[in-house]
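Have a look at the structure below before the remarks.
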Amino acid sequence: MTERLIHVVGNRLAHPATAPALVRNHPGWQQSLARGIPGIALLHIELAATGRAPWQPAHDWLTAAAAAPLTVGPDSHPFHGGPALAHALACAAEHRPGSYRSALQALEEQMIADTDARLAAAHLRLDRKQPPEITEYDVIRGLTGYGAYLLRRRPDSPTLRRVLDYLVRLTHPIIHDGETLPGWWTLSGPSGRPDARFPGGHANAGVAHGIAGPLSLLALATLQGIGTDRQHDAIDEISRWLDHWTSPPGGGPAWPYWITREEHRSRCPRPAGAVRPSWCYGAAGLARALQLAALARGDGARRLRAEHALATALTDPARLAATTDISLCHGYAGLAHLAARVAADAHAETRARLDSLIPHLLEAVAPPDPRGQEEAADALLRTADGSGAGLLDGAAGVALAVLAAGTGRTASRWDTCLLTA
């Protein structure tokens, strides 16, 4: 149904030199997995891995990503610089293992050194009983993102075990200003910067920047037989915390994006209107995280609740109305992708329901007629800020998500960076 959109996006982004000028001028173009070349390379790798295109365009994009000096060390992170390119190369290496071996080895050695340095700083902070910064632990910029990469490529690495040890420790409560707070409580706002709207900070619940990301990593590691001391306790602690903050706003189970100090003190979230059920924040990403946790712990009741929460969110008119774009990160393409991922691991009674919803979500991404799909692809590439070609907010991510939703699989495992699989 969306093959035309995938084809159009692939053609519009056939080569770095011929990509739209607005896209090439974006400040994140060279090194951003979210918005630039490494993320666009993922699309061409997946197209080649599924037999829809030759490997040369993928190689051209990977070459372009490596053409300029890469940021490594403290100024890099899983979605920027050397780690971003490493993820793209790892996806290509799934099918062409000999082509990028030396480049991957060098990047991975640097990533392990960077991860160890970040872990040392994090444990020093924990020893001082100080709250963390979001960038210490999250999926996009922090140790959970590094752990996701290591789980895929270096599952036997001692550094991965140390990341898991750190995440277990992150779930231990902290005391700040005389109050007992979750271990991932941060004194900043959700952006990671001081924010007057969040006096006393907040506890972030999302996948991209909150505790659901670590939950997904701990669960996926457990499902692969990789663990550390008290890992099951950490999974249970996060799951119980999310269970506490679940609310039924008419359309079924939902979670707040974050908990403020005032809400923490009252143990009750402030009433909120319908919020979009996206990957980054909301019911889609959280449902997948909790489903993975339930699978890891053999908890059939929690698994059913998570799957039901997603199916309910995807049929709630108010929450769907709050979804206003088609992106992978927080739009309809991401919902289709997550529906397929959750359905693949769901109980039979919810699998059929989720599978039946995917075609409707894809229709919201682009009309079924070829002209409508071409227009949807072009509209993404013309976004005003130039980010419309990338993975999280742009055309490459949309094409990847709808391809995965349509086939039920990812040949290159590009979505491991999102911890959806």
Side-chain angles (χ1 to χ4, degrees), residues 13 15-17 19 23-46 48 55-121 135-136 138-154 157 159-160 163 192 208 386-387 389-394 396-397 400 412-418:
L13 298 173
H15 192 277
V23 171
R24 286 185 278 112
N25 291 332
H26 188 273
W29 168 248
Q30 188 68 42
Q31 301 195 58
S32 172
L33 183 62
R35 296 187 168 189
I37 293 176
I40 299 168
L42 295 181
L43 171 60
H44 292 282
I45 292 165
E46 183 72 7
W55 277 98
Q56 189 59 48
H59 182 71
D60 291 341
W61 281 95
L62 291 171
T63 300
L70 284 171
T71 300
V72 295
D75 292 330
S76 66
H77 58 68
F79 274 66
H80 178 76
L85 176 58
H87 176 66
L89 291 173
C91 290
E94 289 279 321
H95 295 268
R96 300 173 74 85
S99 299
Y100 306 105
R101 184 178 292 118
S102 61
L104 262 176
Q105 182 176 349
L107 288 170
E108 287 175 356
E109 288 174 358
Q110 179 67 53
M111 287 177 69
I112 287 173
D114 292 345
T115 305
D116 286 335
R118 286 169 177 254
L119 285 167
T135 53
E136 178 185 287
D138 76 358
V139 170
I140 301 295
R141 297 162 295 179
L143 284 163
T144 300
Y146 284 96
Y149 184 91
L150 293 171
L151 181 63
R152 173 186 182 158
R153 289 281 302 173
R154 300 285 185 98
S157 165
T159 300
L160 174 59
V163 170
S387 66
L391 177 66
L392 290 188
D393 297 319
L400 282 165
S412 63
R413 301 176 64 206
W414 60 266
D415 58 338
T416 56
C417 67
L418 306 178

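Sequential numbering from 1 along the given sequence is applied to the chain's residues.
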Minimum heavy-atom separation for [X] to [Y], with atom names?
X: A88; Y: L62; result: CB-CD2, 3.7 Å
X: L89; Y: A103; result: CD1-CB, 4.1 Å
X: P16; Y: W29; result: O-CZ2, 4.0 Å
X: W414; Y: C417; result: O-SG, 3.5 Å
X: S32; Y: P38; result: O-CD, 3.4 Å
X: P78; Y: G142; result: CG-O, 3.7 Å

Centroid-centroid under 6.0 Å between W61 and W55 rings: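 Not close enough - the centres of the two rings lie 6.0 Å or further apart.
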Single hit among H77, M111, R141 for side-chain contact (heavy atoms from CB on, under 4.5 Å) with P83: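 Single pass found, and it is M111.
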Working to the nearest 0.5 angstrom, can you tell me the gap between [X] [atom1] and [Y] [atom2]?
X: Y146; Y: L160; atom1: OH; atom2: CG; value: 14.5 Å
X: H80; Y: L70; atom1: NE2; atom2: CG; value: 9.0 Å
X: D114; Y: L143; atom1: CG; atom2: CG; value: 10.5 Å
X: H87; Y: L104; atom1: NE2; atom2: CG; value: 11.5 Å
X: S412; Y: E46; atom1: OG; atom2: CD; value: 3.5 Å
X: C91; Y: Y100; atom1: SG; atom2: OH; value: 12.0 Å

Residues I112, L150; criterion side chain to side chain contact (heavy atoms under 4.5 Å, CB included); working and verdict: CA-CA 8 Å; I112 287 173; L150 293 171; 4.0 Å; yes
CA sep, side-chain torsions, deciding dist, call: L85, Q31, side chain to side chain contact (heavy atoms under 4.5 Å, CB included): CA-CA 7 Å; L85 176 58; Q31 301 195 58; over 6 Å; no
Heavy-atom check, side chain of L33 versus side chain of L42, under 4.5 Å: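 Contact flag for L33/L42 side chains = yes.
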Flag side-chain contact, heavy atom, 4.5 Å: D138 against T144: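 They are not in side-chain contact.
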Pairing residues for R118 by the salt bridge (charged side-chain N to carboxylate O under 4.0 Å, His left out) criterion, not counting sequence neighbours: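 R118: no salt bridge (charged side-chain N to carboxylate O under 4.0 Å, His left out) contacts found.
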Side chain to side chain contact (heavy atoms under 4.5 Å, CB included) between R154 and T159, intermediate numbers included: CA-CA 9 Å; R154 300 285 185 98; T159 300; over 6 Å; no
Donor-acceptor under 3.5 Å (R413 side chain, R152 main chain):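 No.
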Verdict with reasoning, L392 to L418, per side chain to side chain contact (heavy atoms under 4.5 Å, CB included): CA-CA 10 Å; L392 290 188; L418 306 178; 4.1 Å; yes
